[in-house]
Amino acid sequence: MNDGVLRVYDPPMCCSTGVCGPEVDPALTRFSADVDWLIRRGVTVERYNPAQEPGAFVSNPAVRRALQERGTASLPLVLWGEEMVASGQYPDRATLEQITGNETSAVGGIA
């Protein structure tokens with residue numbers, strides 16, 4: 001079932017986005033920008049951090065199973081509806097475009 005919601009189960013981070021502190025992971029910065037891009041296009045995005053929302057990790061069967069099988073190496077975990085679309089790394093914008101059906105502007109590349 002796809003309810004049109006992109007759910008991101010982040011690894012433990014210092015804040016809700018992880019884009020803070022003296023050494024910010026460039027992949028996380030890129031992904032945060034891509035999430036903002038999706039939201040501007042009307043995609044609902046829910047992000048969960050185990051420090052703030054531990055219940056979200058145990059209440060979703062796919063996430064719970066991934067954590068049981070691979071532990072925190074399965075994080076970040078990204079679901080589109082109920083379908084797992086990424087595990088262990090954040091998807092790039094091209095993958096997010098394909099998953100959600102959103103595309104960048106044909107003129108100028110990145111919208």
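The residues of the chain are indexed from 1 along the displayed sequence. Only heavy atoms go into these numbers, but all of them, side chains included; no hydrogens, no water, no symmetry mates.
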## Note on the structure
Value for CZ (Arg41) from CD (Glu97), rounded to nearest 0.5 Å, stands at 8.5 Å
### Message
Once side-chain hydrogen bond (donor to acceptor under 3.5 Å, both in side chains) is applied, do any residues pair with Arg70, and if so which ones, sequence neighbours excluded?
### Response
Ser87
#### Entry: Side chain proximity check, Trp37 to Val43, heavy atoms < 4.5 angstrom
no
### Query
If you take all heavy atoms of Asp3 and Gly81, which pair is closest and at what distance?
OD1-CA, 3.3 Å
### Query
Ser74: what forms a side-chain hydrogen bond (donor to acceptor under 3.5 Å, both in side chains) with it, not counting sequence neighbours?
none
### Message
If you compare all heavy atoms of Arg47 against all heavy atoms of Ser32, which two are closest, and at what distance to 0.1 Å?
### Response
NH1-OG, 3.5 Å
### Query
Between Leu75 and Asp10, which heavy-atom pair has the shortest distance, and what is it?
CD1-O, 3.8 Å
### Query
Among pairs that include at least one residue of residues 52-78, which meet ring-ring contact (aromatic ring centres under 6.0 Å, His included), considering only residues two or more places apart or in two chains?
Tyr9-Phe57
#### Entry: Qualifying residues under side-chain hydrogen bond (donor to acceptor under 3.5 Å, both in side chains), relative to Glu46, sequence neighbours excluded
Arg7, Tyr48
### Query
In chain order, what residues pass the salt bridge (Lys or Arg N to Asp or Glu O under 4.0 Å) check against Arg30, with sequence neighbours excluded?
Asp34
### For Leu79, the option from Ile99, Asn60, Val8 that meets side chain to side chain contact (heavy atoms under 4.5 Å, CB included)
Asn60
### Task
Considering only Ile, Leu, Val, Met, Phe, Trp and Tyr, and joining two whenever side-chain heavy atoms are under 4.5 Å apart, list the other residues clustered with Val58.
none
### Task
Could you walk me through whether Ser59 and Glu53 pass the side-chain contact (heavy atoms from CB on, under 4.5 Å) test, one step at a time?
CA-CA 10 Å; Ser59 66; Glu53 300 98 3; over 6 Å; no
### Message
Please report the interatomic distance OG1(Thr44) to CG(Leu6), rounded to the nearest 0.5 Å.
### Response
9.5 Å
### Query
Considering all heavy atoms of both residues, which atom of Tyr90 and which atom of Pro11 are nearest to each other, and what is their separation?
OH-CD, 3.4 Å
### Query
Same cluster for Val78 and Leu28 if Ile/Leu/Val/Met/Phe/Trp/Tyr side chains link at under 4.5 Å?
yes
## Note on the structure
The side chain to side chain contact (heavy atoms under 4.5 Å, CB included) partner of Thr100 among Val45, Val85, Leu38 is Leu38
### Any residue meeting side-chain hydrogen bond (donor to acceptor under 3.5 Å, both in side chains) with Asp92, in chain and number order, not counting sequence neighbours
Thr95
### Message
List the residues meeting side-chain contact (heavy atoms from CB on, under 4.5 Å) with Pro54, not counting sequence neighbours, and say none if there are none.
### Response
none
### Query
Using links of under 4.5 Å between side-chain heavy atoms of ILVMFWY residues, direct or through other members, which residues join Val5 in one cluster?
none
### Task
Provide the closest heavy-atom pair for Ala86 versus Pro91 in the form atom of the first, atom of the second, distance.
CB-CD, 3.9 Å
### Task
Taking all non-hydrogen atoms of both residues into account, name the closest pair between Ala66 and Met84 and its distance.
CB-CE, 4.3 Å
